[in-house]
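Taking it in order: structure first as structure tokens, then the write-up.
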Amino acid sequence: GDMPGVGSEKILAAMEAAILSGEFKPREHLVEMELIERYGVSRTIIREALKKLEGKGLVRIAPHRGARVADLSVQEIEEIYFVRAEVEKIAARLVVKNIEPEEIEGLKKLGREVEDHLRRKTEQMIEKDGEFHRAIYRTGRNRQLCDLIDHLKTKAYIVGYNAWSMPRRIEESIREHRKIIEAIEEGDAPKLEKLIVKHLTFSKNSYLEQLRGGERLASAEKERIVG
């Protein structure tokens with residue numbers, strides 16, 4: 001007898017964090033018994049959490065083969081990022097149209113906080129960066145759009161997370177944030193759109209370069225030829 005709701009929300013959050021932080025690696029097998037031991041909850045709660053993680057695109061569940069941490073193919077990454085760029089361009093236009101002057105001040109303050117985290121390379125740095133981007137889109141006043149951006153970002157988490165390991169990524173981010181706020185202040189939607197797409201393309205390309213450099217693509221090629 002677990003208390004429904006309370007436990008499962010907590011476990012879901014913990015497991016999601018373990019995936020997003022790279023503690024559970026892409027393609028890693030998630031064994032129910034091990035998860036039950038690790039989190040000290042029932043099989044029902046673990047299964048429920050795995051199902052929800054599957055819904056978020058973080059876990060793949062195959063009959064008789066169990067659950068694995070999701071791993072994105074080159075094709076899937078291209079598709080997600082194509083949609084992200086289009087959706088975030090719409091969001092950029094809404095931000096410029098709907099943002100209030102005091103919200104711009106708020107973003108500047110948050111921007112300075114994020115910059116501090118990035119310079120000190122804190123544990124919360126990636127989370128803070130995400131908060132900054134979410135705060136920007138919220139000022140566009142469209143909940144559905146914000147939810148969609150969040151969903152796509154979660155699906156492609158592995159790409160965004162990975163980009164942080166790139167050299168110069170931190171300086172690049174700080175510069176981009178400043179330019180983004182400038183574009184918003186100037187009310188320049190095309191400039192904001194360009195910056196956002198550049199930001200996305202940078203993450204995507206650096207991940208794909210690593211993928212192409214890795215053995216993962218080699219085995220995909222072999223499968224394609226054999227299959």
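Nothing fancy with the numbering, it's 1 onward along the sequence.
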Quick one: list whatever passes salt bridge (charged side-chain N to carboxylate O under 4.0 Å, His left out) with [X], sequence neighbours left out.
| X | answer |
| --- | --- |
| E113 | K109, K128 |
| K179 | none |
| E23 | R38 |
| R143 | D147 |

Next item on the list: Taking side-chain contact (heavy atoms from CB on, under 4.5 Å) as the test, write out the residues that go with D150, two or more places apart.
Entry: R134
Checklist line | Any residue meeting side-chain contact (heavy atoms from CB on, under 4.5 Å) with E16, in chain and number order, not counting sequence neighbours | finding: L20, L53, K56, L58, T154
Could you tabulate the donor-acceptor pairs under 3.5 Å formed by side-chain atoms of residues 97-107, not counting sequence neighbours?
from	atom 1	to	atom 2	distance (Å)
N98	ND2	L94	O	3.4
N98	ND2	G140	O	2.9
E103	OE1	E100	N	2.8
E103	OE1	R141	NH1	3.4
E103	OE1	R141	NH2	3.2
E103	OE2	R141	NH1	3.1
E103	OE2	R141	NH2	3.1

Side-chain donor-acceptor pairs under 3.5 Å in residues 116-126, sequence neighbours left out?
from	atom 1	to	atom 2	distance (Å)
D116	OD1	R120	NE	3.3
D116	OD2	R120	NE	3.2
D116	OD2	R120	NH2	2.9
H117	ND1	T122	OG1	2.6
R119	NH2	E115	OE2	3.4
T122	OG1	Q124	N	3.4
T122	OG1	M125	N	3.3

Next item on the list: Sorted by first residue and then second, give each ring-ring contact (aromatic ring centres under 6.0 Å, His included) pair with at least one member in residues 22-47; sequence neighbours left out.
Entry: none
Notebook entry, point to check: Can you pull the ring-ring contact (aromatic ring centres under 6.0 Å, His included) pairs that have at least one residue in residues 118-144, sequence neighbours excluded?
Noted result: F132-H177, H133-H177, H133-H199
Next item on the list: Indicate yes or no: does R212 engage E209 in a salt bridge with an N to O separation below 4.0 Å.
Entry: no
Which pairs would a plain distance check flag for residues 157-172, meaning a side-chain donor or acceptor within less than 3.5 Å of a matching protein atom at least two apart in sequence or in another chain?
from	atom 1	to	atom 2	distance (Å)
Y161	OH	S21	O	3.0
S165	OG	N162	O	2.6
E172	OE1	R175	NH2	3.1

Ignoring hydrogens and angles, write down the donor-acceptor pairs under 3.5 Å from the side chains of residues 72-85, residues two or more places apart or on other chains.
from	atom 1	to	atom 2	distance (Å)
S73	OG	E76	N	3.1
S73	OG	E76	OE1	3.3
Q75	NE2	E79	OE2	2.7
E76	OE1	S73	N	2.8
E76	OE2	R60	NH2	3.0
E78	OE1	K204	NZ	2.9
Y81	OH	R84	NH1	3.3
R84	NE	E88	OE2	3.1
R84	NH2	E88	OE2	3.3

